[in-house]
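Written out below as structure tokens is the structure these notes cover.
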Amino acid sequence: MSKNLVIVESPAKAKTIKKYLGKNYEVVASQGHVRDLPKSKMGIDKENDYEPQYITIRGKGELVAALKKAAQKADKVYLATDPDREGEAISYHLAIALKLEEGKYKRITFNEITKNAVKESIKNARAIDMNLVDAQQARRVLDRLVGYEISPLLWEKIKRGLSAGRVQSATLKMIVDREDEIAKFIPREYWTIDVCLKNDNSGKEGHFHYTDELPNKEAVDKILANIDTSDFKVTDIKEQKRERKAPLPFTTSTLQQTASRKLNFTTSKVMRIAQSLYEEGYITYLRTDSTRVSDVADKAARDFILETYGEEYVSTVKNTASNSKNAQDAHEAIRPTEVTMTPESLKQKLSREEFRLYQLIYSRFLASRMAPARFSNITATVSSGEEKFKLSNSKTVFKGYLSVYNADENEKEEKNAVVDTLKQGDSLSFISFDPKQHFTAPPAHYTEALLVKTMEDNGIGRPSTYAPTISTLLNRRYIIKEDKNLYLTELGEAVNSIMEKAFPEIINVDFTANMEQLLDNIGDGIINWKTVIRNFCPDLDREVSEAGKILENIKIADEVSDTKCDLCGKMMVIKYGPHGKFLACPGFPECRNTKPYFEKIGVKCPKCGEDIVIMKTKKGRRFYGCMNQDCDYMSWQKPKMDEEIKENTEE
């Protein structure tokens, strides 16, 4: 009998696929990439039309030799790496590293690791798609050129070991812009009025809300003066029926966002667990920007809902949405491979974290094939003279998809029982007023979920790059995470400042999104990958050359401070460490004295009159505190000088 060799990336994937193939197949793992650009040099031959110089990854020599030996014994080799650009590139490099002869090897892909999908893929084995390989190659070369050309400038001006990736720099700029918005935000005052009223017929009370927002206390007092507390009448009752449609099944982006919000998983953790579920055959491929579902899976889900919940719970429409202009739509949405594999049936086979993520994916997919939830909203308006107050009550008429999945935990039914007891013309007894002062809030800090959504909306990166980009920014300490919020560090601010001055194009969101579209076009066979590189590199070289001149006069580190060294009396200098700026004695190594560096912002403490300075938490988040150690003043927002506040108010 002939012997067939199937090569996948991971041992877990190999183990799952082996179950579905007979004795005629040997399944082995490449442990990811086997060839890449060298780490010690750029590895791009600019003089030879930007040809990449790939080498076998250090430490993979023995593995490649073993794979080559297994391939020589086989009659046919199937390259079964992941069904995306990176997977296509891994297969291409395997074919080269193993010196596979043309005609002896084929490429197979499957969106799910099930018996039918794996066997069907072997029947439909094909040649390697060089358009996809070239798209991945172009991304790798672009990122290497940007990183190796720009990073040394950051080393020179800030400190060694920093990086300036193409997508990460644009993402960092978005975070910096959001932090600037928050810092410059000036709260606006507004007031609300609640009135507590009692229906004497039922004895039930309710808090009715004034219909308009009020700008200040004077406006509140004017309203209250107009009200006759002995004359509250129900002047209108309206009932509205509404539906809430079921959510679409998950894409990579929406899975990362929802798992972050519901399960408190980081984006990298979501991808790691989802990869495990995919390799074990429980879910479809995890890197996708499509909400499309196969006809077979759609019918199976509807049949399951009909049998389990009843006919009225089955959606009567096909729940689809037009994909965004950036979507590749190469794969289905993320869904369970078999709808009959309920979370409870797999609970003993999965780890706790796998179970929670699978349950989320399963319930979202099942819900997407279910009927909308239906609600009845009753709103009562009560009036005293010309002043109106309202109160609503919401009831679930039919749960529909909410039987299995609650898309938005923040949207809750309004339980105001007094509304149900009211009729038009009823008089209500006054109990109390509750006027409250509020201030508008600044824009929210990015969370991982919000950042992924914003990256997707702006076309920055693709499903496979969201999590690695955020992880890189965190690992480089350009940003830090506290609770769920992401905060800019001093180091991240310094890196972005250099990039803004010297490489405004690289960090431009539109430029980065356009480059992603060009990579998609390469994958679709519309553009040759070398054309994109040839057009990009001269501009990059020019910017690098100009940046050297621009940055000559920028001095970030080793500035002389106004603080004397306690040990030797020299004026201490400002240096950069892993966590940002600090003061160090220039007499090093004879004098090793160091101190925290506090940057004054030109504002006096409102409590004691000392200078306000920029401080940092242990994790590196910036806040503002008083130089006086005995003073407890602190603020997360940058304090404004009286003159600034006055000017902003006048504007």
Side-chain angles (χ1 to χ4, degrees), residues 36-55 134-177 459-461 465 468-469 472-473 475-478 491-519 522 527-559 576:
D36 197 6
L37 299 173
K39 288 186 176 181
S40 57
K41 59 180 182 177
M42 182 181 289
I44 310 293
D45 189 350
K46 287 187 172 184
E47 305 303 318
N48 186 23
D49 198 20
Y50 304 103
E51 194 64 26
Q53 301 169 322
Y54 295 108
I55 62 168
D134 287 344
Q136 180 64 23
Q137 211 164 212
R139 177 184 289 280
R140 190 77 184 94
V141 169
L142 283 170
D143 291 346
R144 176 56 67 98
L145 287 167
V146 170
Y148 270 64
E149 294 278 12
I150 296 178
S151 295
L153 292 170
L154 298 180
W155 300 353
E156 180 185 341
K157 293 299 174 184
I158 305 175
K159 75 182 188 73
R160 290 192 67 82
L162 301 180
S163 68
R166 184 177 56 86
V167 176
Q168 81 181 46
S169 295
T171 306
L172 178 63
K173 176 67 165 61
M174 292 196 311
I175 297 171
V176 170
D177 289 345
I460 302 298
T465 63
T469 298
T472 299
L473 291 173
N475 292 337
R476 295 284 183 188
R477 294 193 65 81
Y478 295 170
L491 184 58
E493 190 173 27
V495 169
N496 182 74
S497 176
I498 293 287
M499 294 297 292
E500 278 192 314
K501 288 182 175 73
F503 303 99
E505 183 103 331
I506 296 294
I507 63 173
N508 181 278
V509 169
D510 292 335
F511 169 81
T512 308
N514 182 58
M515 188 59 71
E516 291 293 349
Q517 188 58 56
L518 289 174
L519 294 175
I522 294 169
I527 306 175
N528 181 279
W529 77 278
K530 286 284 185 74
T531 302
V532 174
I533 304 298
R534 291 183 201 119
N535 290 337
F536 173 77
C537 281
D539 291 339
L540 177 64
D541 291 341
R542 175 178 46 76
E543 284 203 352
V544 170
S545 176
E546 291 175 0
K549 301 170 188 173
I550 293 170
L551 298 177
E552 279 179 1
N553 298 322
I554 296 177
K555 191 74 173 173
I556 294 181
D558 291 351
E559 295 176 35
Y576 260 91

I need the minimum non-hydrogen distance between [X] and [Y], along with the two atoms involved.
X	Y	result
Ile150	Met499	CG2-SD, 3.7 Å
Ala170	Thr512	CB-OG1, 3.4 Å
Ala138	Ile533	O-CD1, 4.0 Å
Phe511	Glu505	CD2-O, 3.2 Å
Tyr148	Ser40	OH-N, 4.4 Å
Gln168	Thr472	OE1-CG2, 3.0 Å

Once rounded to the nearest 0.5 Å, what's the spacing between atom [atom1] of [X] and atom [atom2] of [Y]?
X	Y	atom1	atom2	value
Ser169	Tyr478	OG	OH	7.5 Å
Ile522	Thr531	CD1	OG1	8.5 Å
Asn496	Leu491	CG	CG	11.5 Å
Leu162	Leu153	CG	CG	11.5 Å
Leu540	Ser545	CG	OG	11.0 Å
Lys173	Thr171	NZ	OG1	12.0 Å

Using the side chain to side chain contact (heavy atoms under 4.5 Å, CB included) criterion, which residues pair with Asp510? Sequence neighbours excluded. Asn508
Checking Arg140 now: which residues fulfil side chain to side chain contact (heavy atoms under 4.5 Å, CB included) with it, not counting sequence neighbours? Asp36, Leu37, Arg144
Would you say that [X] contacts [Y] through its side chain, given a criterion of any heavy-atom pair below 4.5 Å between the two side chains?
X	Y	result
Arg166	Leu145	no
Glu149	Asp541	yes
Phe536	Val146	yes
Leu473	Leu172	yes
Ile460	Thr469	no
Val176	Glu493	no
Val141	Trp529	yes

Donor-acceptor pair, distance only, cut-off 3.5 Å: does the side chain of Asn48 make one with the backbone of Glu51? no
Start with the C-alpha distance between Asn514 and Gln517, add both sets of side-chain angles, then the distance that settles side-chain hydrogen bond (donor to acceptor under 3.5 Å, both in side chains), and finish with yes or no. CA-CA 5 Å; Asn514 182 58; Gln517 188 58 56; over 6 Å; no
Ionic contact status for Asp49 with Arg534, cut-off 4.0 Å: yes
Which residues pass the salt bridge (Lys or Arg N to Asp or Glu O under 4.0 Å) test with Arg139, sequence neighbours left out? Glu516
